[in-house]
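Heads up, the thing below is written out as structure tokens.
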Amino acid sequence: MAGAATLALGLTACGDDSSSSDGSWILGTTDSVTALDPAGSYDLGSSTLEYNLYQTLVTVPAGSTDIVGDAAESCTYDDPQTFTCTLKEGLTFSNGNELTSSDVKYSFERAITIQDPNGAAIYLLGSITHKDAKDVVVLDDGAIETPDDQTITFHLNKPDTTFQYVLTYPGAGAIVDEETFPADTKLDDDKVVGSGPYKLSQYKADDQAVLELNENYTGDNEGSTEQVFVKYYSESSALKLAVENGEVDVAWRGLSPTDVNDLESNDDVTVSSGEGSEIRYWVWNVAGQVGKQKAVRQAAAQVFDREAIASTAYDGTVDPLYSIVPPGYAGQADTFESTYGEPDAAKAKALLDAAGVATPVKLTVGWTPTHYGPNAEDEANELERQLEESGLFEVDLKSTEWEQYQTIYKEGAYDLWMLGWFPDYPDTDDYLSVFLVDGGFFQNGYSNPKADQLVQQEQGTDDQAVREDAFGQLQQIVADDVPFIPSWVGKNTAVYGAGMEGVEDTLDPSFIFRFWLVDKS
């Protein structure tokens, strides 16, 4: 591990110097919101608003992987296990309450205390938490110190160079007002208060959110639009019609590939795609009677046809994914391709025969119909076809809406289920540690001591060669053990109407829609 000097973070301003305007604009999406209290959310629909409502200590600007200051003026690794941040002067929440180090500490403490299984804190903050005798995640004693109103020091339980990145994700690092948010339960969505560039003025679940400029905001990401409306749609077809008719200014997240292809020929709108790292994958219940058999998991991976899914279910608008880590990330390796090659039912049968597994294997396969857009059903149907056509599996396909889905898959409702992922932070670790350690955030029962060791190794060094070697080994472990099966990787696409400016500036692999960069003339 290098010395503290090489670990120090130089935090620079990341701002928007666009001219002021009061032209409001409307974002349309099919994404759903789980919670606007950061302690209870770990999904894109929720974080889209949270990135604009809350500050974190540090953040990542559009089109970059560099960490810059948000609420913090500076953050530094004093040593490999000590991370200290100094707040900017004069920070306040949108309700006028002062933001101090006490609020920062409180934000981490309450998120861990609430223990929401749909929240991110208990999965991402392992460097300052541990599990007690009852297997409950608790904050380490002395993990967070606040020697004065402007200083926060984190004492990590292991060397962790990725902790700085974790703090950029609102589900783990959003700062809330300790005078407003209860210590042991989530705050109602329509009552949340942050210190970000926007404040929430109205919210109705599954219908609309209204954000207004936060007049108390003094940060570097000041917006130029007085109001931003977010309209929620349950169907991709309705969202397409809305952007065609000018009912929304921007359509982002949820348009089907067919809709996008059709809109590209519409002169009244612009279809824009930035580099993306959205992935879709299928998770095994490794603790279940079916999924605990490695041969079953490997056999399914052997017949899994990503090319067919990309072309049949998504009209070729996504690319096949042969690792849980998408292309472009350090150390990425297509281990599923090198391990399994082309889909082959005969090879899959040989795996099952060698393990003494009788066929057809009965599988309960889960998917959710709205959260991932209309083509999720097409993908689920295509997977069912592939598995059953092999003659090795008998599939019972079941769908459940997102709110219930993300609870029951953790309870063992399915043998295999669909999930999607957007990066919490721009580092390869975010596609490995959160998926592999202690059954992952999806709690699928998987455990591998070698994987745990490799995660600790790559997190504990800033030697890129060492990290990339560990990343490669981890991806090979995933291909061998198959706790999940990667499916595809997609771009970050939005459709917008006349007069919109700045949309393309925020279409980067992070999938953070930065309202403050967007304006309507």
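Note that the coordinates shown come from a computational prediction; the quantities given were computed from them, not determined experimentally.
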Is the backbone N or O of Gln227 less than 3.5 Å from a side-chain atom of Thr225, with the two atoms forming a donor-acceptor pair by type?
no

Please test Asp43 against Ser41 for side chain to side chain donor-acceptor pair (under 3.5 Å), starting from the C-alpha separation and ending with a verdict.
CA-CA 6 Å; Asp43 61 281; Ser41 61; 5.0 Å; no

What are the two closest heavy atoms between Thr400 and Gln404, and how far apart are they?
CG2-OE1, 3.4 Å

Distance check, rounded to the nearest 0.5 Å: Ile324 atom CD1 versus Leu436 atom CG?
8.5 Å

Does a side-chain heavy-atom distance below 4.5 Å link Val269 with Tyr496?
no

Which of these, Val365, Asn285, Thr364, sits in a side chain to side chain contact (heavy atoms under 4.5 Å, CB included) with Trp417?
Asn285

About how many Å separate OG of Ser46 and CG of Asp31, when rounded to the nearest 0.5 Å?
9.0 Å

Within the distance-only criterion (no hydrogens, no angle test), does the side chain of Thr30 pair as donor or acceptor with the backbone N or O of Gly373 below 3.5 angstrom?
no

Heavy-atom side-chain contact between Phe513 and Val250 under 4.5 Å:
yes

Has the side chain of Glu384 got a donor or acceptor atom that lies under 3.5 Å from a matching backbone atom of Ala380?
no

Under 3.5 Å: donor-acceptor pair, side chain of Tyr329, backbone of Asp430
no

Backbone of Ile26 reached by a side-chain donor or acceptor of Asp249 within 3.5 Å:
yes

Neighbour count above 12 (heavy atom, 6.0 Å) for Lys398 NZ
no

From the list Tyr281, Phe442, Tyr42, ring-ring contact (aromatic ring centres under 6.0 Å, His included) partner of Trp421 resolves to Tyr42

Salt-bridged, Glu501 to Lys520, with N to O below 4.0 Å?
no

Ala209 to Tyr232 - nearest heavy-atom pair and separation:
N-CE1, 4.0 Å

Between Asn492 and Leu507, does a side chain to side chain contact (heavy atoms under 4.5 Å, CB included) hold up when you go through it step by step?
CA-CA 6 Å; Asn492 190 352; Leu507 297 180; 3.6 Å; yes

So does Asp206 have more than 12 non-hydrogen atoms from other groups sitting under 6.0 Å from CG?
no

Within-4.5 Å side-chain heavy-atom neighbours: Leu321 and Pro327:
yes

Taking C-beta and beyond as the side chain, do Leu432 and Val325 meet within less than 4.5 Å on heavy atoms?
yes

Does NZ or CZ of Arg280 lie under 6.0 Å from the centre of the six-membered ring of Tyr372, at an angle within 45° of the ring axis?
yes

Between the side chain of Arg297 and the main-chain N/O of Phe484, is any donor-acceptor distance below 3.5 Å?
no

May I ask you to check whether Tyr414 and Tyr405 place their ring centres under 6.0 Å from each other?
yes

Measure across Ser47 and Pro170 and return the closest heavy-atom pair with its distance rounded to 0.1 Å.
CB-CG, 4.2 Å

Nearest non-hydrogen partners of Trp284 and Ile485, listed with the distance:
NE1-CD1, 3.7 Å

Close side-chain approach of Gln332 and Thr428, heavy atoms under 4.5 Å:
no

Check against side chain to side chain contact (heavy atoms under 4.5 Å, CB included), Asp427 and Thr161
CA-CA 11 Å; Asp427 188 83; Thr161 60; over 6 Å; no

Nearest heavy-atom contact between Lys88 and Ala72 is CE-O, 3.4 Å

Identify the heavy atoms of Glu401 and Pro369 that sit nearest to each other, and give their distance.
OE2-CG, 3.3 Å

CD1 of Ile114 to CG of Asp184, rounded to nearest 0.5 Å, is 7.0 Å

Side chain to side chain, Phe515 and Thr48, heavy atoms closer than 4.5 Å:
yes

May I ask you to decide if Gly440's main-chain N or O and Gln443's side chain share a donor-acceptor pair within less than 3.5 Å?
no

Report the distance from atom CG of Leu139 to atom CD1 of Ile122, rounding to the nearest 0.5 Å.
13.5 Å

Can you tell me how far CH2 of Trp402 sits from OG1 of Thr368, rounded to the nearest 0.5 angstrom?
6.5 Å

Go through the steps to decide whether Gln475 and Thr335 satisfy the test side chain to side chain donor-acceptor pair (under 3.5 Å), and finish with yes or no.
CA-CA 6 Å; Gln475 290 169 89; Thr335 50; 5.3 Å; no

Return yes when atom CD of Glu235 has more than 12 non-hydrogen atoms of other residues, nucleotides or ligands closer than 6.0 Å, and no otherwise.
no

Euclidean distance, Tyr203 OH relative to Asp189 CG, rounded to 0.5 Å
5.0 Å

Can you tell me if Glu275 has over 12 outside heavy atoms packed within less than 6.0 Å of its CD?
no

State, with a plain yes or no, whether a side-chain heavy atom of Trp252 is found less than 4.5 Å away from one of Val243.
no

Residue pair Asn118, Thr34: steps toward the side chain to side chain donor-acceptor pair (under 3.5 Å) verdict:
CA-CA 8 Å; Asn118 296 327; Thr34 301; over 6 Å; no

N/O donor-acceptor pair under 3.5 Å between Asn216 side chain and Ser94 backbone:
yes

Using the side chain to side chain donor-acceptor pair (under 3.5 Å) rule, take Glu379 and Trp367 through it: C-alpha gap first, then chi angles, then the decisive distance, then the call.
CA-CA 9 Å; Glu379 179 172 355; Trp367 63 283; over 6 Å; no

Test item: Asp315 side-chain N/O and Thr317 main-chain N/O as donor-acceptor pair under 3.5 Å:
no

Step by step, work out the side chain to side chain contact (heavy atoms under 4.5 Å, CB included) result for Leu263 and Glu244.
CA-CA 8 Å; Leu263 288 167; Glu244 284 179 317; 3.5 Å; yes

Please report the C-alpha distance between Phe336 and Val482 in whole Å, then the side-chain angles of each, then the deciding distance to 0.1 Å, and finally whether the side chain to side chain contact (heavy atoms under 4.5 Å, CB included) criterion is met.
CA-CA 9 Å; Phe336 274 79; Val482 199; 4.2 Å; yes

Between the side chain of Asp334 and the main-chain N/O of Glu337, is any donor-acceptor distance below 3.5 Å?
no

Please examine the side chains of Leu211 and Leu53, heavy atoms only from C-beta on, and report whether any two atoms are closer than 4.5 Å.
yes

